[in-house]
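To keep things clear, I will list the structure first and then write my remarks on it.
Throughout, a chain's letter reflects where its sequence line sits, starting with A, and its residues are numbered from 1.
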There are 2 protein chains.
Amino acid sequence: MSVAEQPYHHGSLRQVLLARAESTLEKDGVDGLSLRQLAREAGVSHAAPSKHFRDRQALLDALAESGFLRLTAALERAVEEAEPHARARFAALAGAYVSFALEHRELLALMYGNKHAPGAASQVVEAGHASMDLTVRIVTEAQAAGDIGPGDASRIALVAFATFHGIATLAAGGMLDGAPVDEVVTAASDTFWRGLAQA
Amino acid sequence: MSVAEQPYHHGSLRQVLLARAESTLEKDGVDGLSLRQLAREAGVSHAAPSKHFRDRQALLDALAESGFLRLTAALERAVEEAEPHARARFAALAGAYVSFALEHRELLALMYGNKHAPGAASQVVEAGHASMDLTVRIVTEAQAAGDIGPGDASRIALVAFATFHGIATLAAGGMLDGAPVDEVVTAASDTFWRGLAQA
DNA sequence: ACCTGAACACCGTTCAAGT
DNA sequence: ACCTGAACACCGTTCAAGT
């Protein structure tokens with residue numbers, strides 16, 4: 001409970017607010033997120049956050065952007081650690097996406113909640129594209145290796161990404177009806193892969 | 001602007017609140033939904049809604065449940081109107097899901113926002129299951145007709161539903177990068193179908 | 001540059017009281 | 001049964017003023 005000794009200037013208020021916001025988000029949902037409460041926890045006045053985030057929406061946008069950056073990082077890590085076959089990388093991508101969704105349910109909802117301030121939208125969307133680009137890369141590699149048929153790689157990647165995303169959100173929403181997550185992920189990845197190989 | 005003449009009892013306050021809530025939801029998002037504002041628009045005191053909805057969350061739950069009911073109805077209609085082949089029905093299902101998502105973006109976000117009061121959760125989840133059951137039925141028919149391979153129909157349906165859901169949410173969130181919705185839906189439906197046929 | 005303190009308009013929720 | 005009116009605690013946002 002003890003607050004630091006920064007005499008007047010907090011020093012890193014923005015960072016502190018973002019960090020606390022994220023843990024509160026996952027605990028209480030978006031509705032439980034209050035700028036005033038965050039300020040209290042950081043030991044500053046309720047008006048201080050406004051210098052770092054124009055309004056509540058700006059804080060949410062910042063959280064969403066950071067979420068996309070970390071999702072992309074998690075996907076990249078999973079792909080690197082997977083066996084160097086396109087199909088294994090494909091499955092790793094799906095698995096990592098679902099893991100991220102389960103660990104950051106509220107954050108994921110925020111990321112895809114199509115709530116974006118006019119200005120921040122481009123930044124958030126851009127951060128989201130990075131994950132998609134990664135998928136495009138794997139599809140292209142798979143095509144080069146002759147594992148899957150030809151076709152617009154970005155179109156194929158988009159459908160693949162949508163599939164992973166759908167399972168991830170259903171899983172995060174507890175709508176898998178008790179079906180083991182791993183099995184569903186594997187089933188989806190395999191079915192989709194077969195469909196591509198045959199194209 | 002003129003308010004009705006119901007002298008004291010409103011008569012159908014619950015219905016009126018739900019209807020207005022839905023149009024406000026689609027216009028201003030969940031955050032723009034206020035019980036007090038709704039009461040004002042209905043011409044009653046701000047405390048009146050509490051007799052029909054315990055709290056704000058109860059109103060959101062009611063909206064989500066009605067959303068699932070209508071989604072299921074829309075899917076059923078699409079399946080009936082499609083050509084009587086499993087594959088055509090499959091594609092119709094995907095198309096109808098995406099159409100619903102585009103027409104009711106905010107409502108869909110609410111439906112899958114894993115926000116549910118402890119009691120209402122079961123009702124909302126149950127309403128969501130109806131859409132899934134419809135998908136199971138089509139998968140079973142396709143298996144009986146020999147169009148797709150054997151396997152746990154509910155598991156296959158779950159993956160199919162997740163795929164449709166993923167494309168629908170991506171489309172609703174404007175994350176299709178300008179790719180024509182119809183093409184993406186067709187590509188997903190076709191790829192998935194090929195994967196199933198080959199299983 | 002960064003933060004405070006007061007002020008404003010708006011909430012959700014509760015509860016005695018009215019019809 | 002259904003609704004009112006006042007009350008309470010909490011918001012987000014703004015803005016002059018302090019350091």
Original post:
Sequence neighbours excluded, which residues qualify as salt bridge (Lys or Arg N to Asp or Glu O under 4.0 Å) partners of B/Arg155?
Top reply: A/Glu183

Original post:
Can A/Met175 and B/Met132 be said to form a side chain to side chain contact (heavy atoms under 4.5 Å, CB included), step by step?
Top reply: CA-CA 10 Å; A/Met175 297 207 161; B/Met132 193 83 84; 5.5 Å; no

Original post:
Applying the 4.5 Å side-chain criterion to the ILVMFWY set and letting contacts propagate, would B/Val79 and B/Phe164 be lumped into a single cluster?
Top reply: yes

**OP:** Taking Watson-Crick and G-U wobble pairs with both distances under 3.5 Å, convert DNA chain C into its dot-bracket string, 5' to 3', dots for unpaired and | for cross-strand pairs.
**Re:** ||.|||||...|||||.||

**OP:** Indicate the ring-plane relationship of B/His165 and B/Tyr112, choosing parallel, tilted or perpendicular according to the 30° and 60° boundaries.
**Re:** tilted

**OP:** Please confirm whether the backbone N or O of B/Leu33 pairs with a side-chain atom of B/Arg56, one donor and one acceptor, at under 3.5 Å?
**Re:** yes

Original post:
B/Ile138, B/Val136: one ILVMFWY side-chain cluster at the under-4.5 Å cut-off?
Top reply: no

Original post:
Taking protein heavy atoms under 4.0 Å as touching, what does nucleotides 8-16 of chain D look like 5' to 3' if B marks base contact, S marks sugar-phosphate-only contact and - marks none?
Top reply: ---SBBBB-

Subject >> Derivation of the side-chain hydrogen bond (donor to acceptor under 3.5 Å, both in side chains) call for B/Asp177 and A/His129 >> reply: CA-CA 9 Å; B/Asp177 256 346; A/His129 277 13; 2.8 Å; yes

